[in-house]
Amino acid sequence: MKVLVIGGGAREHALCRSLSLDPDVSALYCAPGNAGIAEVAELRPVDALDGAAVAALATELGAGLVVVGPEAPLVAGVADAVRAAGIPVFGPSAEAARLEGSKAFAKDVMAAAGVPTARSYVCTTAEEVDAALDAFGAPYVVKDDGLAAGKGVVVTEDRAAARAHALACERVVIEEYLDGPEVSLFAITDGVTVLPLQPAQDFKRALDGDQGPNTGGMGAYSPLPWADPKLVDEVMELVLQPTVDELRHRGTPFSGLLYAGLAITSRGTRVIEFNARFGDPETQVVLARLRTPIASVFLNAANGTLAAEPPLNWSDEAAVTVVIASHNYPDTPRTGDPIEGLDEVAAQDAPDAYVLHAGTRREGDAVVSAGGRVLSVTATGSDLAQARAKAYKAAGRIKLDGSQYRTDIAAKAAEGR
Ligand code: AMP
Ligand code: GLY
């Protein structure tokens, strides 16, 4: 089967890497891709937000499956356009992707499905904002209703800052603060059957010790040795299946990847957010541990035949990924800096450690930075400590002027904390 992947981040590099190793995949294309993805897939230029252009490209390539990576094309209806062209697509419709595209919609679905989440108010006026902030008290959690590329959520003790963020948004969700560790759990679904993947943990803050501003994600690891072994079953029963059932009953079935961001609180597991696509950087570690070839699973999800899929097969190894970000990320990242050391990692650390590209592009013979998150250095090992050591050894070989990475990804979990 010929597969076209839409997107160009480290998540898409991880997806393309897995698909390139899948014997069912006869040709692999990625649009627009990046310098690293070019090593495993043929790149095509496309405006990923333009459904007609993506559908035309898929038709031209004779693709038997299109996999849409990022949320913006999904919310813009790119999967609908590809589906309308008669090509199977892994990714939800625009209607179903509202689960990520609107926090208020997600809250409504959860309420209807009885899914545990933070209590919340949807506010559009200053009076409503003040009432909601006072109802919950500090720490305040204020979320822009729409897609905001990871910048829409403010969690703060400072009432004035919470209020200012709320008033800067057209519509906000103000909600109860959830304590406890966070878990990302992904599930593949065709709208009826739900196939959970293995849980991972993401590090959202820019600096060590969970300090600094929120980012798209600075690292991840899987498995979670500290988590209750029943977690996946519990989330399947309380969150994933009811959500998929609710969207189907509404006439807008969700097919593709359903991502539950969870808080494990003292009062039980609660949903922090849903995403309608694979998480980045969690995908890098989850796919590093997945042994089942993925193309037929995606195709079965796209075709509504996921029930035929046997259980997924997982490696016992642990995986860690460390994100290397450019100078000044997440504010206004500097781009265009040359990246060195990629060949050394390939020569000395492969296959246990490898570099997935996020924001990179080729300039002549050089690979240069082209975004905030630049690389995602991923490694597997017999346990988290070993995977961590390998990932950091490889990350240490990369030279990118002004770049930064966290040094404590998976550190606590590797020490059994
Ligand atoms: P979201 O975009 O909804 O995932 O929010 C980004 C981050 O803000 C989450 O990963 C959490 O760390 C934090 N966050 C969101 N909602 C809450 C909440 N209700 N309580 C505590 N932290 C939250
Ligand atoms: N890792 C968080 C996200 O993909 O939204």
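Indexing begins at 1, ligand by ligand and atom by atom, following the structure's order. Position 1 is the first residue of the sequence, and the numbers go up from there.
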Find all atoms of ligand 2 within a distance of less than 4.0 Å from any non-hydrogen atom belonging to [X], and give their numbers and elements.
{"X": "Asn275", "answer": "5 (O)"}
{"X": "Gly216", "answer": "1 (N), 2 (C)"}
{"X": "Asp202", "answer": "1 (N), 2 (C)"}
{"X": "Glu282", "answer": "1 (N), 2 (C)"}

Inset, instruction - Flag Glu273 as yes when one of its N or O atoms lies below 3.5 Å from any N or O atom of ligand 1, and as no otherwise. - result: yes
Could you list the atoms of ligand 1 found under 4.0 angstrom from a heavy atom of [X]?
{"X": "Glu182", "result": "9 (C), 10 (O), 11 (C), 12 (O)"}
{"X": "Lys204", "result": "10 (O)"}
{"X": "Lys103", "result": "1 (P), 2 (O), 3 (O)"}

Check each of [options] against [atom] and report the one with the nearest heavy atom.
{"atom": "atom 3 (O) of ligand 1", "options": "Glu175, Lys143, Arg205", "value": "Lys143"}
{"atom": "atom 5 (O) of ligand 2", "options": "Gln201, Glu71, Glu273, Arg277", "value": "Arg277"}
{"atom": "atom 8 (O) of ligand 1", "options": "Val153, Val142, Asp144", "value": "Val153"}
{"atom": "atom 13 (C) of ligand 1", "options": "Leu178, Asp179, Val271, Val155", "value": "Val155"}

Inset, instruction - Determine whether the side chains of Gln284 and Thr378 contain a donor N or O and an acceptor N or O closer than 3.5 Å. - result: no
For [X], does the [atom1] atom sit with more than 12 other heavy atoms under 6.0 Å from it, leaving out its own atoms?
{"X": "Lys399", "atom1": "NZ", "answer": "yes"}
{"X": "Asn313", "atom1": "CG", "answer": "yes"}
{"X": "Glu415", "atom1": "CD", "answer": "yes"}
{"X": "Glu237", "atom1": "CD", "answer": "no"}

Inset, instruction - Validate the cation-pi geometry between Arg98 and Phe105: distance from NZ or CZ to the six-membered ring centre under 6.0 Å, angle to the ring axis within 45°. - result: yes
Inset, instruction - Report yes or no: does a heavy atom of Glu176 sit under 4.0 Å from some atom of ligand 1? - result: yes
